Amino acid sequence: MVEGPGCKLKGERLARLKGQHVVQTQWGRNRPKDASKGSGVEQEDTTSEKSDHLVGLPLSNVETLGKELFVYFGETCLRVHFGMNGSVQIKLKGQKNKGFQKTSEPVLTLTLTVGSVSFHDCTVQIRSTSNCHDKYVQFQHLDICSSHFSLSQATRTVSCHGDRMLCDVLLDQTVLPGVGNIIKNEALFDSGLQPSLKVLQLKEEHVKHLVKMTRDFSMLFYKCRKEGRALSRHCKVYNKQCCGQCQGRITVCRMGENGRMTYFCERCQTRDPETIINNKRVIDVGHTWYYRGRRSNKRASSQQNVRELF
């Protein structure tokens, strides 16, 4: 699944083409069905004929919201959802693209004045610019990778889902847009909480800490992808057999409303949130925080920052 960090990077690449005009649009033969089911995205007419209106228009702006990419052309917007393996290929005139090995037929290809952009293995829909931008403005402070992210607002939003399990709330794209399964599992590990806990079992400081750990790992994810470094060496539980911290066996199961694969360590992650405070697992920076943290990638916060969480 393309998670928020990957979508953000794709948006940054496309943003370099702002101002370029559309010369031609071409849809592929196999346009996938809507990939936004369950994401709270409203539906609009997405007929291919609408794309003809893009010809002659400049690419005016690019925005990302969680796992959604909005590419604006005046009053018309392309809304892209990358699904499991979606990608964007940019071919500029006079440049070779040796590193790109995508062989699937594009869902949509846009020929621009400087080259072409093709979208592969994803859902592309025609929307109105006002519709997409309004949604962006509404949720930007919850977007886990956004520069506008608000820890306090995200904490309040998560707290509103008291009767749901943590593993479900984190994956809800109307709560924390951009969080995918990798981020979910690693953030829960860093918070010291088991995924089956319900939000109502947590105090406000626990929720705030969980949201912060989710943000921290998301930004590490983004940095690794941007710099071409392997994310796997930073993962403690996701897709692992043994815990990267205590070496204990990882519990792997399908859990939650959608039965997503879940990885957690029963030793390092508790079902009793009170133990995190009573045993000073977070506040005692010199011991347990670094025990749970990742010194090598600078994710461990300073003592002052950690104490501010409480």
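Being a predicted model, the structure only gives us computed values, none of them experimental. Reckoned from all heavy atoms, side chains included, excluding hydrogens, waters and symmetry mates.
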Hey, what do you get for CG (D143) to OG1 (T64), rounding to the nearest 0.5 Å?
-> 6.0 Å
Can you name the nearest heavy-atom pair linking C268 to C243, along with the distance?
-> SG-SG, 3.9 Å
When you measure from the side chain of T129 to the backbone N and O of T76, does any donor-acceptor pair fall under 3.5 Å?
-> yes
Heavy-atom neighbours of Q241 CD exceed 12 at 6.0 Å = no
Side chains of T157 and V211: does their closest heavy-atom pair fall under 4.5 Å?
-> no
Shared ILVMFWY cluster between L151 and F139, side chains joined below 4.5 angstrom?
-> no
Looking only at heavy atoms, what is the nearest atom pair of I250 and C242, with distance?
-> CG1-C, 3.6 Å
Look only at the side chain of E186 and the backbone of Y238, and say whether a donor-acceptor pair between them is shorter than 3.5 Å.
-> yes
Of the non-hydrogen atoms in V55 and Q24, which two are nearest, and what is the gap between them?
-> CG2-CA, 4.3 Å
Which atom pair, heavy atoms only, marks the closest approach of Y263 to N185?
-> N-OD1, 2.7 Å
May I ask you to decide whether E274 forms a salt bridge with K203, counting only side-chain N to carboxylate O separations under 4.0 Å?
-> yes
Is it the case that one hydrophobic cluster holds both V23 and Y72, taking links as side-chain heavy atoms less than 4.5 Å apart, direct or via other members?
-> no
Between CG of L112 and OG1 of T25, what distance do you get to the nearest 0.5 Å?
-> 11.0 Å
In sequence, state the C-alpha distance, the side-chain angles, and the governing distance for K18 and N61, and then conclude on side-chain contact (heavy atoms from CB on, under 4.5 Å).
-> CA-CA 6 Å; K18 285 197 293 186; N61 197 16; 3.9 Å; yes
Using the side chain to side chain donor-acceptor pair (under 3.5 Å) rule, take E266 and T251 through it: C-alpha gap first, then chi angles, then the decisive distance, then the call.
-> CA-CA 7 Å; E266 294 187 12; T251 298; 3.2 Å; yes
Rounding to 0.5 Å, atoms NE2 (H120) and OG1 (T109) come to a distance of 6.5 Å
List the steps, then state whether side-chain contact (heavy atoms from CB on, under 4.5 Å) holds for K67 with V2.
-> CA-CA 7 Å; K67 303 176 184 181; V2 176; over 6 Å; no
Heavy-atom distance under 4.5 Å between the side chains of P195 and Q269, does that happen here?
-> yes
Side chains of L166 and V199 in contact at under 4.5 Å (non-hydrogen atoms) = yes
Among V207, L197, L210, side chain to side chain contact (heavy atoms under 4.5 Å, CB included) partner for P273 | L197
Could you tell me whether the side chain of Q173 and the main chain of L171 form a donor-acceptor pair under 3.5 Å?
-> yes
Test side-chain contact (heavy atoms from CB on, under 4.5 Å) on L188 and Q194 and set out the steps.
-> CA-CA 7 Å; L188 284 167; Q194 289 197 15; over 6 Å; no
Within a reach of under 6.0 Å around CD of E12, are more than 12 heavy atoms found that belong to other residues, nucleotides or ligands?
-> yes
Without swapping roles, check the side chain of H141 against the backbone of H148 for a donor-acceptor pair under 3.5 Å.
-> yes
Sub-4.5 Å side-chain heavy-atom contact between E257 and M165 = no
What pair of heavy atoms forms the shortest contact from C132 to R79, and how long is it?
-> SG-CB, 4.5 Å
Which is it for F70 and N131 under the side-chain contact (heavy atoms from CB on, under 4.5 Å) test, yes or no, and what are the steps along the way?
-> CA-CA 10 Å; F70 301 133; N131 177 285; over 6 Å; no
Apply the test side chain to side chain donor-acceptor pair (under 3.5 Å) to residues T262 and K184: give CA-CA distance (whole Å), side-chain angles for both, the deciding distance (0.1 Å), then the verdict.
-> CA-CA 9 Å; T262 302; K184 175 201 78 176; 3.1 Å; yes
If you round to the nearest 0.5 Å, how far is NZ of K8 from OG of S218?
-> 11.0 Å
Any donor-acceptor pair under 3.5 Å from N181 side chain to M261 backbone | yes
Side-chain contact, heavy-atom cut-off 4.5 Å: L110 with L78?
-> yes
Short side-chain to backbone donor-acceptor contact, K212 and S191, under 3.5 Å = no
Heavy-atom closest contact (V252 atom, K240 atom, distance) = CG2-O, 4.4 Å
In this structure, CZ of R267 is separated from SG of C246 (nearest 0.5 Å) by 5.0 Å
Answer yes or no: is there a side-chain heavy-atom contact under 4.5 Å between I182 and F221?
-> yes
Are side-chain heavy atoms of D163 and K198 found at a separation under 4.5 Å?
-> yes
Would you kindly confirm whether V175 and I183 end up in one hydrophobic cluster when ILVMFWY residues are joined by side chain heavy atoms under 4.5 Å apart?
-> yes
The residue among L142, T214, L176, L202 that forms side chain to side chain contact (heavy atoms under 4.5 Å, CB included) with V158 is L176
Do F149 and M219 share a hydrophobic cluster, counting only Ile, Leu, Val, Met, Phe, Trp and Tyr and linking them when any side-chain heavy atoms are less than 4.5 Å apart?
-> no
Close side-chain approach of M255 to S196, heavy-atom, < 4.5 Å | yes
Hey, are R164 and D172 close enough for a salt bridge, meaning a charged N less than 4.0 Å from a carboxylate O?
-> yes
Should V137 and I144 be counted in the same cluster of Ile, Leu, Val, Met, Phe, Trp and Tyr side chains packed under 4.5 Å apart?
-> no
Over 12 foreign heavy atoms within 6.0 Å of CD, E75 = no
Got a donor-acceptor contact below 3.5 angstrom from the E63 side chain to the Y136 backbone?
-> no
